[in-house]
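Have a look at the structure below, then the notes.
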Number of protein chains: 2
Amino acid sequence: MLKLSKLTDYGTLLMTTLAAAPESVRNAQELATETHVSAPTVAKLLKLLVRGGLVESTRGAHGGYRLARAPEKITVAEVVRALEGPIALTACSVHGGGCGIEESCAARVNWRVINDAVKQALEGVTLAEMAAPLRSLLRTRTAIQPPPLNEFPLTRF
Amino acid sequence: MLKLSKLTDYGTLLMTTLAAAPESVRNAQELATETHVSAPTVAKLLKLLVRGGLVESTRGAHGGYRLARAPEKITVAEVVRALEGPIALTACSVHGGGCGIEESCAARVNWRVINDAVKQALEGVTLAEMAAPLRSLLRTRTAIQPPPLNEFPLTRF
DNA sequence: TATAATCGGGACTAAATCGGTCTGATATGG
DNA sequence: CCATATCAGACCGATTTAGTCCCGATTATA
Ligand code: SF4
Ligand code: SF4
């Protein structure tokens, strides 16, 4: 459904929760009860987010998790990328996607443009804005810009 | 991966192909060879598109398919909707999505705004533009507008 | 140092979805 | 009436997703 996977959805909720108190260190269990997401799932997500460099962990007793950067410096796009790889609406928008009919596809070039639009929409929203809801998002939405012309795919289409 | 299903992808390709010659009537087999998509899949897609009101079919000998409306009047968003239902990034952005933690979700309101942004991006692209690649898309991308304020969800967040 | 708390990595299963195929009914043109 | 071609739907295998569990590594603290 052009939809986010549920894991990614929960992941952003998790990050938003972390962003609400960026300094404090909380463990997986605490975050689970705060977000109402099941504990094992939270743990799994946090692992992925750590690996993606968005969250710092401290091990051992009294350990826990904390944002790796200031909430203003983390975009929703990064969260999505950490959890489910590059943002690619179509198979061909990531290199070597292996669609098979790329050569003859009339829609490919335009999908790429649409893909970029979506990507930039996600990149324009920071965790700080997610945590402090919606006022600032209004600005963000109009900030979507066309890419410079020379960035366009040099295809033989 | 925040990705389109392959069926939807092929569906837009199919529609783009139809839009390239909006007048002519072609049958499923012809469209399959033109798009390089397997024939049964094309047939399945066309059924869905007919049901969605985007394509007209004529049955019997010399039957085939044709766009129901002018290419300028059909948006990519409609194609996506016909093939995979309402555009909903998160489970809660469609009514009765049944997320379960909606009450306590800090991210919900903002996801809704992002969802609207993506939706409008898709609504801003017509099949005519897909068929005549990319020049006109540049305009479209900047045309994304914030919704009127009173359209915002009235939540107790 | 011993112990408890906590993360890290990965394997694993169940369920849902997706992509694709097939068959029979139905409608049209000749 | 027959050949052609869409229509509707069931159907299935493959893949992906969601969720759980286990065990080894690491650290604070008593
Ligand atoms: S080449 Fe065309 S069909 Fe293949 S993934 Fe890209 S847009 Fe889709
Ligand atoms: S309520 Fe929150 S967690 Fe549930 S679907 Fe909406 S955004 Fe996702």
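Below, read A as the first sequence line, B as the second, and so on, with proteins coming before strands; counting in each chain starts at 1.
- Straight-line distance from the CG atom of Asp9(A) to the P atom of dT17(D): 14 Å, rounded to whole Å.
- For His36(A), the side-chain hydrogen bond (donor to acceptor under 3.5 Å, both in side chains) criterion is met by Ser104(B), not counting sequence neighbours.
- Regarding Glu84(A), its CD atom lies at a distance of 8 Å from the P atom of dT17(D), rounded to whole Å.
- Residue pairs meeting the side chain to side chain donor-acceptor pair (under 3.5 Å) criterion with at least one partner in residues 41-50 of chain A, sequence neighbours excluded, are Ser38(A)-Thr41(A).
- For the pair Asn27(A) CG and dA4(C) C1', the interatomic distance rounds to 14 Å; values are reported in whole Å.
- Rounding to whole angstrom units, CD of residue Gln29(A) and P of dC7(C) are separated by 10 Å.
- Annotation: salt bridge (Lys or Arg N to Asp or Glu O under 4.0 Å) contacts involving residues 27-41 of chain B, sequence neighbours excluded, comprise Arg26(B)-Glu34(B).
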Show the numbers, then the answer: is there a side-chain contact (heavy atoms from CB on, under 4.5 Å) between Val125(B) and Ile114(A)? CA-CA 9 Å; Val125(B) 182; Ile114(A) 296 175; 4.2 Å; yes
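- Atoms CZ (Arg66(B)) and P (dT6(D)) sit 15 Å apart, rounded to a whole Å.
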Heavy atoms under 4.0 Å is the rule here; annotate nucleotides 19-30 of chain C 5' to 3' with B where the base is hit, S where only the sugar-phosphate is, and - elsewhere. BBB----BBBS-
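- The distance from atom CD of Glu30(B) to atom P of dA5(D) is 9 Å, rounded to the nearest whole Å.
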Mind listing the side-chain donor-acceptor pairs of residues 70-78 of chain A below 3.5 Å, one per line with the distance, residues two or more places apart or on another chain?
residue	atom	partner	partner atom	Å
Thr75(A)	OG1	Ala77(A)	N	3.4
Thr75(A)	OG1	Glu78(A)	N	3.2
Glu78(A)	OE1	Thr75(A)	N	3.1
Glu78(A)	OE2	Arg69(A)	NH1	3.3
Glu78(A)	OE2	Arg69(A)	NH2	3.1

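- One finds no side-chain N or O of Arg51(A) lying less than 4.0 angstrom from the OP1 or OP2 phosphate oxygen of dC7(C).
- Other members of a hydrophobic cluster containing Val25(A) are absent, since no ILVMFWY side chain comes under 4.5 Å of it, directly or through relayed contacts.
- Within 4.0 Å of Ala43(A), counting heavy atoms only, lies no atom of the nucleic acid at all.
- Atom pair Arg26(A):CZ and dC7(C):P shows a separation of 13 Å (rounding to whole Å applied).
- Between Lys3(A) atom NZ and dA16(C) atom C1' the separation is 9 Å, expressed in whole Å.
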